[in-house]
Amino acid sequence: MCAMTDQWRGAVLVTGTDTEVGKTVVTAAITAAAQAAGLRVAVVKPGQTGTAAAVPGDVEAVTRLAAPMTGRTLASFPDPLAPLAAARVAGLPPLELYNAVDAVRDEVEKHDLVLVEGAGGLLVPMGLRPSGEPWTVADLAVSLGASAVVVARAGLGTLNHTALTLEALERRAVPAGVVIGAWPAEPELVHWANLSDLLPSLLGALPAGAGAMDPGVFRRSAPGWLTPALYGVLDDWRAWADEIS
């Protein structure tokens, strides 16, 4: 795990162990904490899918909660599928890897921190390379030289999924840490056991339902959910656990 704040600047990938683990809300929390610390923050979503459902996209959700300096969605597709599959089904051009790399680098030149929110898990097909082969957000992180925040569940099954994701990142020499996307209001034994096992890599934990908070409350609260590595103030997990319990 990379724990120095200076190493969590520039491009930082926000990925997850799966879909619906809280990547967007964690992206918003890091945005809020970093901006409270005085950083200029951009949020980039390479591929947004499911736009036919007429609900706010992930960048819009982050903007409502945390108001980043810049928010960009590089490609949008109507069906709720992996971005490459969604492009194919819709008959739209898939996102090309180096176009995504150039777009993120352009934002890095203008911001202190650029959070790149993936889709689903680390190895979901995002688009095509110039060679015609698929690429993933793991490939994007390697191309950018980015660190990665892995958003994980709190409950049963998370240790295996988190370990697999961290191992895949380590094999690619991508520094990574973990944030729990939704810590339950009434944690059970399995949640506490998982917390203990995740602590060596843990950079934060958000309360369940954080995405439904009033934006002002969310922005004031976000630093308390994240460690100093991610611009928060959570520096004592024992005190955190005592307060939560």
Side-chain angles (χ1 to χ4, degrees), residues 8-9 11-16 18-81 83 86 95 100 103-104 106-108 110-121 124 126 137 148-154 179-185 203-227 230-234:
W8 295 93
R9 294 198 178 210
V12 172
L13 172 69
V14 182
T15 187
D18 198 354
T19 190
E20 302 298 325
V21 294
K23 292 188 300 296
T24 300
V25 182
V26 169
T27 299
I30 299 171
T31 298
Q35 292 192 148
L39 276 67
R40 299 167 299 167
V41 181
V43 173
V44 176
K45 181 79 174 181
Q48 176 70 60
T49 64
T51 58
V55 297
D58 293 339
V59 169
E60 287 75 20
V62 173
T63 299
R64 181 184 71 82
L65 287 169
M69 179 178 173
T70 301
R72 289 183 64 182
T73 301
L74 304 184
S76 298
F77 308 102
D79 298 288
L81 305 168
L95 184 60
V104 174
D106 181 61
E107 299 305 332
V108 168
K110 297 178 287 189
H111 301 82
D112 303 305
L113 174 64
V114 179
L115 297 170
V116 183
E117 185 188 340
V124 167
M126 295 292 296
V137 288
V149 173
V150 176
V151 183
R153 301 186 195 281
V179 174
I180 295 174
W183 183 258
L203 297 178
L206 272 62
M213 287 182 173
D214 172 82
V217 174
F218 182 93
R219 294 171 201 176
R220 291 191 297 272
S221 303
W225 305 328
L226 303 168
T227 67
L230 291 181
Y231 309 101
V233 297
L234 200 173

A.B. asks: Below 4.5 Å, heavy atoms only, C-beta onward: do Trp183 and Trp225 meet side chain to side chain?
C.D. replies: no
A.B. asks: Contact between Arg219 and Gln35 at the side-chain level, heavy atoms closer than 4.5 Å - yes or no?
C.D. replies: no
A.B. asks: Would you name the heavy atoms of Thr51 and Ser76 that are closest together and state the gap between them?
C.D. replies: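 Closest heavy-atom pair between Thr51 and Ser76: CG2-CB, 3.9 Å.
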A.B. asks: With rounding to the nearest 0.5 angstrom, report the CZ to CG distance, Phe218 to Leu206.
C.D. replies: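 Nearest 0.5 Å value for the CZ-CG distance: 6.0 Å.
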A.B. asks: Does the side chain of Val59 come within less than 4.5 Å of Gln48's, by heavy atoms?
C.D. replies: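 Gln48 does not reach Val59 side chain to side chain.
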A.B. asks: Measure the shortest side-chain to side-chain distance between Thr27 and Asp58 over non-hydrogen atoms and say whether it is less than 4.5 angstrom.
C.D. replies: no
A.B. asks: Do Val44 and Leu74 have side chains that approach each other closer than 4.5 Å (heavy atoms only, starting at C-beta)?
C.D. replies: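 They are in side-chain contact.
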A.B. asks: Testing the basics here: between Ala86 and Thr49, what is the closest heavy-atom pair and its distance to 0.1 Å?
C.D. replies: CB-CG2, 3.9 Å
A.B. asks: Minimum heavy-atom separation for Val26 to Gly181, with atom names?
C.D. replies: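 In terms of heavy atoms, the two residues are closest at CG2-CA, 4.1 Å.
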A.B. asks: Give the C-alpha distance, both sets of side-chain angles, the deciding distance and a yes or no for side-chain contact (heavy atoms from CB on, under 4.5 Å) between Val137 and Val124.
C.D. replies: CA-CA 7 Å; Val137 288; Val124 167; over 6 Å; no
A.B. asks: Is there a side-chain contact between Arg64 and Pro56 in this structure, where contact means two heavy atoms from C-beta onward sitting under 4.5 Å apart?
C.D. replies: no
A.B. asks: Are any non-hydrogen side-chain atoms of Val62 and Thr24 less than 4.5 angstrom apart?
C.D. replies: yes
A.B. asks: Going from CZ on Arg220 to CG on Asp214, what distance comes out if it is rounded to the nearest 0.5 angstrom?
C.D. replies: 7.0 Å
A.B. asks: Atom CZ of Arg9 and atom CG of Leu39: how far apart are they, to the nearest 0.5 Å?
C.D. replies: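 Reported value, rounded in 0.5 Å steps: 4.5 Å.
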A.B. asks: Do you know the tightest heavy-atom contact between Ala11 and Val104?
C.D. replies: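 In this case the closest contact between Ala11 and Val104 is CB-CG1, 4.0 Å.
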A.B. asks: Please tell me if the side chains of Leu113 and Val12 come closer than 4.5 Å, counting only heavy atoms from C-beta onward.
C.D. replies: yes
A.B. asks: Please report the closest heavy-atom contact between Ala103 and Arg72, naming both atoms and the distance.
C.D. replies: O-NH1, 3.7 Å
A.B. asks: Please report the closest heavy-atom contact between Ala33 and Ala222, naming both atoms and the distance.
C.D. replies: N-CB, 4.4 Å
A.B. asks: In a check of side-chain contact (heavy atoms from CB on, under 4.5 Å) between Thr70 and each of Lys110, Arg40, His111, which one passes?
C.D. replies: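 Answer to the side-chain contact (heavy atoms from CB on, under 4.5 Å) test with Thr70 among Lys110, Arg40, His111: His111.
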A.B. asks: Quick check: does any side chain N or O of Lys45 sit under 3.5 Å from a backbone N or O of Gly118, one acting as donor and the other as acceptor?
C.D. replies: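 Yes: the side chain of Lys45 pairs with the backbone of Gly118.
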A.B. asks: With rounding to the nearest 0.5 Å, note down the distance linking CG in Leu226 to CD1 in Ile30.
C.D. replies: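 That separation rounds to 6.0 Å.
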A.B. asks: Which value, rounded to the nearest 0.5 Å, describes the distance between Leu203 atom CG and Thr227 atom OG1?
C.D. replies: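 That separation rounds to 4.5 Å.
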